[in-house]
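As structure tokens, the structure follows; a few thoughts come after it.
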Amino acid sequence: MSDPTTPIPCTLIRGDGIGPEIVDATLQVLDALNAPFAWQEHPAGLEAIKTCGDPLPQETLEAMRTTGLALKAPLTTPVGGGFRSVNVRLREELKLFANVRPGLSMLPDWKFQDVDIVLIRENTGGFYVGVEHFIPVGDDPRAVAEASGFMTREGCRRLARFAFEYTLAANRRKITVVHKANILKMLTGLFLEAVQEVGREYEGRVVLEDRIVDACAMQLVLNPSQFDVMLTPNMFGDILSDEIAGIIGGLGLAPGGNIGERAAMFEAVHGSAPDIAGQGKANPTAIMLAAAMMMEHCSLHAMAKRLRAAIHLTLQDKRTRTGDLGGPLNTAGFAKAVVANLA
Ligand code: NAI
């Protein structure tokens, strides 16, 4: 347990779209908790292009390397062309090899109950390495598209070890490793093989089962409470964690932590939601829960527990929810309600 008064330097990225709104709401709650984070704010994303001509300025990256800790709001990535995802670059540059995405039932009136899944996603490899190109044919310069995915046995083993240790530390019992080793026999076959190798060291302590990704997606919507910890390659985890977010009530409720050996970055699973940006109606729950994960990462367990309890209490009552969950509150109103519910 850390001393809750010792300042902890932490990089803060307000992000794009709804980012600044949900960050403001979160800071309000963290202030009420006297959270000891000493914020160092740095630009990234569209804002950084305007001010520095680069969506990921070197100075921002260096600041994150120095603090080793960041709370980051969503960053916009252009579709089809334009600059490479800053989120993906940050995960690569800071070697944040594990993406931890919990999905917990919090709404008593939602269609699924008793969901408590932690999805752990391989965060720096697979198809997201950005090695792709077009092959011209005749007068069509984009006639064929080719992409490569990468997986290393060492990287998979390190992630697997992280997942097994996480499972034990969290008093969980089962890991479901997700793959498509019937088709992507090498890329996801190596992932499966490495996880099974490491899994043998944990026999008797953690149950390891495997699922093919498509069947897994179907079983998630049929019976989500059968899953405990899920361990997935990069792209499958990206997709399945949004599915899990939907299963617990929506993207507004799903936080994530990107963990490496020297740094950790906490964020919401959702994106910058340009369709509702600037309207003050975004749900800040996901990034507030990411802040609770960050507290736990910094051993501020009592403070994280208080924050989680206040968020859960606020979500129990339909009158203190944001619009995406059918409630009447805006972003600032929700923050106020969480502060009022802090024990
Ligand atoms: P999105 O997650 O931003 O939005 C999908 C839908 O969910 C939208 O209708 C949006 O209004 C709603 N939504 C998302 N978060 C919400 C919240 N907190 N409260 C209420 N409603 C919420 O996904 P989309 O539209 O595909 O992506 C927008 C941008 O975000 C893209 O540029 C994408 O690349 C980027 N993105 C960034 C991520 C990150 O920074 N980690 C993660 C995912 C996407």
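Each ligand, and each atom within it, is numbered from 1 in the order the structure gives. Only heavy atoms go into these numbers, but all of them, side chains included; no hydrogens, no water, no symmetry mates.
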message = Donor-acceptor check, side chain of Asn99 to backbone of Arg121, threshold 3.5 angstrom: yes or no?
response = no

request  = For Lys72, counting its heavy atoms only, list the atoms of ligand 1 lying under 4.0 Å from any of them.
outcome  = 40 (O), 41 (N)

inquiry  = Donor-acceptor check, side chain of Thr188 to backbone of Lys180, threshold 3.5 angstrom: yes or no?
reply    = yes

ask   = For atom 19 (N) of ligand 1, what is the nearest protein heavy atom, given as residue, atom name and distance?
value = Asn283 N, 2.9 Å

request  = Go through Thr26 and Asp24 one step at a time and tell me if the side-chain hydrogen bond (donor to acceptor under 3.5 Å, both in side chains) criterion holds.
outcome  = CA-CA 5 Å; Thr26 304; Asp24 279 347; over 6 Å; no

inquiry  = Between Gln113 and Leu107 (side chain of the first, backbone of the second, donor and acceptor by atom type, cut-off under 3.5 Å), is there such a pair?
reply    = yes

task = Would you check whether Leu75 has a nitrogen or oxygen atom less than 3.5 angstrom from a nitrogen or oxygen atom of ligand 1?
result = yes

task = Run down the list Leu253, Ile18, Asp324 and name the one with the heavy atom closest to atom 16 (C) of ligand 1.
result = Ile18

key: For atom 39 (C) of ligand 1, closest protein heavy-atom neighbour   = Asn87 ND2, 3.2 Å

request  = Walk me through it: do Glu197 and Arg157 pass the test salt bridge (charged side-chain N to carboxylate O under 4.0 Å, His left out)?
outcome  = CA-CA 8 Å; Glu197 265 169 37; Arg157 278 190 185 146; 2.8 Å; yes

query = Hey, which atoms in ligand 1 end up nearer than 4.0 Å to a heavy atom of Pro274?
reply = 28 (C)

inquiry  = With heavy-atom distances below 4.0 Å as the criterion, list the atoms of ligand 1 near Ile276.
reply    = 11 (O), 20 (C), 21 (N)

task = Tell me which protein heavy atom sits closest to atom 36 (N) of ligand 1, plus the residue, atom name and distance to 0.1 Å.
result = Gly271 CA, 3.4 Å

inquiry  = Among all the protein's heavy atoms, is there at least one whose distance to atom 41 (N) of ligand 1 comes out below 4.0 Å?
reply    = yes

Met295 side chain near His301 side chain, heavy-atom distance below 4.5 Å = no

query = Where the side chain of Glu93 meets the backbone of Val88, is there a donor-acceptor pair that is under 3.5 Å apart?
reply = no

task = Check for a donor-acceptor pair, side chain of Ser241 on one end and backbone N or O of Gly237 on the other, with a separation under 3.5 Å.
result = yes

Close approach, Ile287 and ligand 1, non-hydrogen under 4.0 angstrom = no

Nearest neighbour in protein (non-hydrogen) for atom 15 (N) of ligand 1 = His270 CG, 3.2 Å

inquiry  = I'd like to know if the side chain of Arg153 reaches the main chain of Ala194, judged simply by a donor and an acceptor atom lying under 3.5 Å from each other, with no hydrogens or angles considered.
reply    = no

query = What is the ring orientation for Phe162 with Phe97, classed by angle as parallel under 30°, tilted 30 to 60°, or perpendicular over 60°?
reply = perpendicular

ask   = In terms of residue, atom name and distance, what is the protein heavy atom nearest to atom 12 (C) of ligand 1?
value = Ala273 CB, 4.5 Å

ask   = Does Phe227 reach the side chain of Val115, with side-chain heavy atoms less than 4.5 Å apart?
value = no

Interfacing atoms of ligand 1 (cut-off 4.0 Å, heavy-atom, Thr76) = 32 (O)

task = Would you check whether Ala282 has a nitrogen or oxygen atom less than 3.5 angstrom from a nitrogen or oxygen atom of ligand 1?
result = no

task = Output the list of atoms in ligand 1 that are nearer than 4.0 Å to some heavy atom of Leu251, sorted by atom number.
result = 2 (O), 5 (C), 7 (O)

Sidechain-backbone polar pair: Thr320 side chain, Thr314 backbone, donor-acceptor under 3.5 Å = yes

ask   = What's the shortest distance from atom 32 (O) of ligand 1 to any protein heavy atom, and which residue and atom give it?
value = Thr77 N, 2.8 Å

ask   = So is there a nitrogen or oxygen of Lys281 less than 3.5 Å from a nitrogen or oxygen in ligand 1?
value = no

task = Starting from atom 30 (O) of ligand 1, locate the nearest protein heavy atom and write down its residue, its atom name and how far away it is, to 0.1 Å.
result = Ser272 N, 3.0 Å

inquiry  = Can you confirm, on distance only, whether ligand 1 has an N/O atom lying under 3.5 Å from any N/O atom belonging to Gly252?
reply    = no

request  = Scan the protein's non-hydrogen atoms and note whether one is under 4.0 Å from atom 26 (O) of ligand 1.
outcome  = no

Sole residue of Ile287, Ile13, Thr11 in side chain to side chain contact (heavy atoms under 4.5 Å, CB included) with Lys72 = Ile13

Numbering as shown, the atoms of ligand 1 that approach Glu267 to under 4.0 Å (heavy-atom distance) = 41 (N)

inquiry  = What protein heavy atom lies closest to atom 9 (O) of ligand 1? Include the residue and the distance to one decimal.
reply    = Asp275 OD2, 2.8 Å

